[in-house]
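Here's the structure we're looking at; comments come further down.
For the numbers below, each heavy atom of this structure counts, side chains included, while hydrogens, waters and symmetry mates do not. In what follows, chains carry the letters A, B, and so on, assigned in the order in which the sequence lines appear, proteins first and then strands, with residues in each chain numbered from 1. This one's a predicted model, so the numbers in the text were calculated from it and none came from an experiment.
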Amino acid sequence: MYFDYFTVLVFASVGLAFVFANLLIASVLRPQRTQDEGLETYECGEVTIGEAWIQFDIRYYTVALVYVVFAVEIAFLFPWAIVLKEAYAGTGAGAGAGIGIFALIEGVIFLAVLALGLAYVWAKGDLDWVLTYSAQPYQPAGRESSNLPLVQELEKEQERLAEERKKAAAAAASSEAAA
Amino acid sequence: MPELPLWLVWVIKAAVIYGALLSVAGLMSLAERKVSAWMQYRIGPNRVGPFGLLQPLADGVKFMFKEELVPAGANPFLFRIAPALAALPAMLAVAVIPFAGEIELFGQRTTLSVTDLPISSLYVLAVGGLGIYGIILGGWSSNSKYSLLGSLRASAQMVSYELSLILSILAVVALSGSLDLRVIADAQQADAALWNIARAPLAFLLFVVCMFAETNRHPFDFAESEPELVGGFHTEYSAMRFALFFLGEYCAMTVMSCLATVLFLAGGAIPFWPDAPWWAELASFLVKMSAFLFLYLWVRWTLPRFRFDQLMRLGWKVLLPLALFNLFATAALMAAGVL
């Protein structure tokens with residue numbers, strides 16, 4: 001039986017060799033004439049602002065947690081599903097042979113517990129992607145909203161860029177004058 | 001003919017099946033452009049080779065000669081390794097697909113699949129599921145907002161739909177009493193009325209919907225929805241590394257189509273021809289698989305894209321309860337002796 005898995009290993013090695021051979025050949029063939037602009041993070045032609053590694057609500061971890069719970073429980077359903085046929089037939093050498101309708105009852109109890117868990121998460125609202133704050137209706141803020149840190153950061157960045165541009169222009173002018 | 005050692009037969013089989021998989025993936029990339037063109041009353045690529053058939057080769061050569069950029073802000077190691085992590089799992093999953101019965105190859109009797117594991121359907125799920133690492137690492141390591149959002153969406157979506165996918169496969173496993181894909185296919189062999197698409201139509205429907213979501217294809221292609229996220233998780237990728245992401249996606253589509261063929265359409269079985277030779281079985285398998293691949297394109301140009309909250313609602317509040325009910329109904333009908 002372990003023989004079969006060795007075949008998988010051979011298969012995986014051939015695949016690995018294929019992928020890395022491709023990358024290797026491409027790295028030999030391709031030109032490399034990179035300029036600084038090419039290395040900037042793409043933001044539709046605008047100057048990149050900040051980086052993507054910031055903290056924000058990804059609205060995702062509850063879904064991931066629920067998935068882990070469900071995936072583990074579904075793993076328990078695999079052996080049940082395999083023996084089901086034998087259990088009904090009442091023959092065979094498997095673990096569940098001949099337990100008959102009892103297999104169905106056990107499975108239904110397990111599925112019911114799973115469904116109950118889903119119903120709980122559903123009722124708690126953790127499956128909703130868009131959060132609604134029904135308790136506090138949304139109030140648009142006044143002029144203070146321009147104090148948002150992101151906007152301030154943006155303005156600062158623009159000032160810095162203007163400064164740099166001015167410096168560059170001055171440097172160019174002085175070098176021209178020297179010439 | 002001299003008898004070859006067993007390990008060499010394995011390497012030959014692996015090379016042949018990789019060759020077939022990559023050809024199908026390449027042809028699929030051409031078919032995508034051709035079929036899209038036909039559906040929009042255009043001609044599509046027709047310059048390279050007859051009917052543009054050599055276009056995938058030309059694309060491959062072009063990918064080789066393109067300059068590759070690693071953004072200055074990226075994490076270089078993860079950025080470089082991620083495409084391989086995305087492409088490999090999709091390619092490895094094809095190892096257990098039973099294309100046809102036994103053949104005689106260089107004096108060794110062997111089946112027309114890389115290997116026959118007793119738990120092959122688990123293997124496909126386990127290995128195929130690893131593809132998400134490539135996508136999420138590629139998106140995160142790019143340090144670009146588009147990439148990060150694309151990879152987060154992709155992972156949330158794949159995680160949500162994987163549950164319904166596994167539950168729909170479980171119903172088929174219960175019907176055949178085995179995790180072995182070859183046993184599952186052979187159990188449906190005798191009669192078209194035994195095909196799982198007839199015995200478990202709801203499971204088939206669930207599987208097809210989840211199949212689209214798992215491969216990030218229309219109408220669920222949020223990972224790279226162009227108008228919102230430019231290219232999604234592969235916005236920053238270029239040249240060969242982009243090609244690997246591309247290859248991974250097409251291989252995943254191919255594997256999913258193969259899986260649907262085996263689980264619900266009896267693999268290579270042909271109705272009213274029970275003792276078909278291996279080449280006829282292989283041809284019938286490829287026809288069924290191509291039908292699923294065509295379905296991908298058909299749906300792409302028929303349905304508009306969902307909104308992300310609609311996608312999550314469909315996955316958790318419609319498909320998952322339905323999949324649980326389907327498993328229960330299958331077990332109950334089996335107990336009643338109907339199935």
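Heavy atoms of B:Ala239 lying under 4.5 Å from chain A are absent altogether. The part of B:Glu236 that comes within reach of chain A is its side chain, from C-beta onward, which places non-hydrogen atoms under 4.5 angstrom from that chain. Only the backbone of B:Lys66 comes within less than 4.5 Å of a heavy atom in chain A; its side chain stays farther off. Both the backbone and the side chain of B:Leu92 have a heavy atom closer than 4.5 Å to some heavy atom of chain A. Interface remark: B:Ile17 contributes side-chain atoms only to the contact with chain A (heavy atom separation under 4.5 Å). Interface residue B:Ser176: only backbone heavy atoms are found under 4.5 Å from chain A. Only the side chain of B:Tyr123 comes within contact range of chain A, with at least one heavy atom under 4.5 Å from a heavy atom of that chain. With a threshold of 4.5 angstrom between heavy atoms, B:Val70 approaches chain A through N, CA, C or O but not through any side-chain atom.
At a heavy-atom cut-off of under 4.5 Å, chain B is reached by A:Val63, A:Val66, A:Tyr67, A:Phe70, A:Ala71, A:Ile74, A:Leu77 from residues 62-77 of chain A, listed in order of number.
Shown are B:Leu167, B:Val173, B:Ile166; of these, the side chain to side chain contact (heavy atoms under 4.5 Å, CB included) with B:Ile169 is made only by B:Val173. Tested against B:Phe79 for a ring pair (Phe, Tyr, Trp, His ring centres under 6.0 Å), the candidates B:Tyr237, B:Phe242, B:Phe233 yield a single pass: B:Tyr237.
Shown here are the side chain to side chain donor-acceptor pair (under 3.5 Å) partners of A:Arg165, two or more places apart in sequence or in another chain: there are none. Remark: B:Arg80 pairs with no residue by the side chain to side chain donor-acceptor pair (under 3.5 Å) rule, at least two apart or across chains. Evaluation of the side chain to side chain donor-acceptor pair (under 3.5 Å) rule for B:Gln310 yields no partner, not counting sequence neighbours.
With respect to the salt-bridge test (charged N to carboxylate O, under 4.0 angstrom), the residues A:Glu164 and A:Arg160 qualify.
Heavy-atom neighbours of A:Tyr120 OH from other residues, nucleotides or ligands within 6.0 Å: at or below the threshold of 12. No more than 12 heavy atoms of other residues, nucleotides or ligands lie within 6.0 Å of CD in A:Glu153, so this atom counts as exposed by the packing criterion.
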